[in-house]
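Read through the structure below, which is laid out as structure tokens, and then see the notes.
Order of appearance sets the numbers: ligands from 1, and atoms from 1 within every ligand.
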Amino acid sequence: MRLSQFHLATVKEVPADAEIVSHKLMLRAGMIRKLASGLYTWSPLGLRVLRKVEAVVREEMNRAGAVEMLMPSVQPRELWEETGRWEKFGGQLLKIKDRKEQEFCYGPTHEEVVTDFARNELKSYKQLPVNFYQIQTKFRDEIRPRFGVMRAREFLMKDAYSFHINPESLAQTYEVMYQAYTRIFTRLGLKFRAVQADTGAIGGNASHEFQVLADSGEDAIAFSDGSEYAANIEKAEALAPAAARPSAAANLQRVDTPRVRTVEDVTRHFGIAADRVLKTVLVRGKEGLVALCLRGDHEINEVKASKLAELPGESVLASEEEILAAVGTRPGFIGPAGLPDSIPVIVDRSAAVLADFVCGGNANDTHYTGANWERDARITRIEDIRQVVAGDPSPDGHGTLHLARGIEVGHVFQLGTKYSEALDATVLDDQGKKQVMWMGCYGIGVSRIVAAAIEQRHDENGIIWPEAMSPWRVAVCVINPKNSPEVETAAQSLYDELTAKGIETVWDDRGLRPGAMFADVELIGIPHRVVVSERGLAAGTLEYRARDAAESSAITRDQLFEILS
Ligand code: ATP
Ligand code: MG
């Protein structure tokens with residue numbers, strides 16, 4: 001490609017609303033342009049990268065035995081009513097009407113459509129297992145679209161759905177997909193980790209997220225230094241402390257504590273560490289309020305809490321009015337000692353081994369010191385409801401947990417029969433009996449990967465593409481072609497030879513000053529840069545520089561082809 005014939009539109013200034021480096025660099029390189037919140041146009045340059053990612057994903061999906069298809073993005077309401085998700089999916093579902101006032105949604109995902117396809121197409125166990133996939137545009141009306149294409153409203157996803165006669169077959173395909181994902185992210189040159197993920201309402205242990213490691217990531221992951229254990233922090237289990245609860249030594253005392261409301265206030269007021277303070281959070285239960293008790297230095301894990309039998313499937317803090325009505329005190333002074341009997345007290349495993357602790361006094365401006373479980377405060381149940389912290393023992397018993405941030409680029413999930421049951425997707429088994437099919441689903445955020453790669457690979461001058469994702473592998477830059485027909489001819493012949501060898505090359509023939517030309521080539525992240533100049537021609541060399549190298553070097557044409565092969 002001759003750059004003079006391509007629309008390259010790099011910019012110097014960064015729009016103020018770009019918070020993270022990938023968003024800034026994608027805008028500066030001119031890969032994307034914003035149309036509206038969460039909606040982006042991919043420029044010719046951006047699209048070249050997106051297509052590279054797509055190609056690797058497609059190749060590996062095909063290699064893993066999945067078959068490609070394409071489903072509509074607009075989906076009828078009736079189908080979503082069959083699974084109950086027309087209402088349940090919530091605000092992310094963009095609902096639209098046609099001219100006959102019939103309702104549709106713009107697909108945020110395709111379980112309904114693919115299961116409808118499967119129930120019509122698949123009749124016999126002999127057609128199973130089968131794994132359908134597509135690479136297609138999704139729309140989700142995200143509450144906070146941000147970071148450019150990282151969390152957009154419209155984005156490109158690879159979604160696959162497998163169908164099986166039994167759970168064993170599902171587990172096999174799940175493993176094949178797990179391996180395919182590992183190959184995909186390795187080929188794309190990303191530093192990533194597969195982590196155990198929460199399975200939400202469906203339950204079971206069969207879900208992994210593929211997380212690209214980056215400080216800007218929205219997800220927190222926990223991993224062990226002594227084993228392969230890695231999990232999303234939403235899922236990571238906090239083990240019960242090994243040591244038993246010490247016996248009570250202090251007496252329970254009510255203390256006046258005006259203006260002492262937060263754990264930090266309490267530690268300062270009493271001169272004790274946060275791990276000696278008990279904090280109590282009141283949340284809305286199925287009937288009335290529920291108290292969740294944790295150590296002062298720990299945080300609630302909302303995903304774990306939402307699964308408590310007393311809670312309605314989500315963990316929502318009680319309002320000040322609800323707390324006043326139920327306990328007669330303001331938030332900040334709640335504790336388990338003397339709490340009304342109607343309120344269940346769920347105690348975190350680590351909080352349950354505290355003795356002689358400080359907690360709220362259930363009256364305005366008071367706390368208790370010397371509080372002890374059983375003697376002063378009842379325990380309804382001990383549960384794991386906290387977020388793990390760095391230094392916790394790994395739940396598999398090997399090593400210590402560390403925390404890192406990640407960007408979720410892929411998700412594999414054993415769905416079971418949730419959708420096939422709702423849509424009555426059955427086949428006949430080898431006994432001629434109707435069986436509901438088992439399903440798996442496997443997503444990859446194709447457009448998000450582009451941003452995630454930049455988060456990992458950049459420097460102060462711009463993007464550093466991994467070879468597999470780069471818009472071109474080589475940039476040929478020509479110094480002063482106007483002054484020297486020999487230079488022009490040499491550049492043309494080099495470009496022709498590279499292209500003939502199937503090496504994707506961009507020829508910067510725009511006639512810019514060297515500084516401006518090099519700045520662009522670095523900003524857009526081309527892995528190999530070759531400079532053709534009069535001086536080099538005289539010496540029989542080319543000036544070569546790898547994007548991630550500190551210096552350039554003079555090499556021969558043969559050496560260049562050696563480097564590129
Ligand atoms: P997240 O937790 O980031 O919202 P999700 O759990 O909703 O992701 P899935 O429904 O599993 O995501 O979708 C499959 C993949 O699609 C994700 O792993 C992610 O890479 C990508 N993805 C999801 N939402 C977005 C978005 N708003 N913008 C870009 N990519 C997205
Ligand atoms: Mg989401």
Enumerate donor-acceptor pairs with a distance under 3.5 Å from any side-chain N or O in residues 439-453 to protein atoms, sequence neighbours excluded.
residue : atom : partner : partner atom : Å
Tyr442  : OH   : Ser162  : OG           : 2.7
Ser447  : OG   : Leu156  : N            : 3.0
Arg448  : NE   : Met150  : O            : 2.7
Arg448  : NH1  : Glu408  : O            : 2.8
Arg448  : NH2  : Met150  : O            : 3.2

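A distance-only check finds a donor-acceptor pair linking the side chain of Gln136 to the backbone of Met71 [under 3.5 Å].
Counting heavy atoms of neighbouring residues, nucleotides and ligands inside a 6.0 Å radius, atom CD of Gln92 exceeds 12 of them.
Protein residues with a heavy atom closer than 4.0 Å to ligand 1 are Arg140, Glu142, Val149, Met150, Arg151, Ala152, Phe155, Met157, Glu408, Val409, Gly410, His411, Gly445, Arg448, listed by chain and number.
The aromatic rings of His402 and Phe223 sit parallel to each other, their planes meeting at less than 30°, with 60° as the upper class boundary.
Counting only residues at least two apart or in different chains, salt bridge (charged side-chain N to carboxylate O under 4.0 Å, His left out) contacts with residues 452-470 comprise Asp459-Arg547, Glu467-Arg473.
Not counting sequence neighbours, Glu320 has no partner by the side chain to side chain donor-acceptor pair (under 3.5 Å) test.
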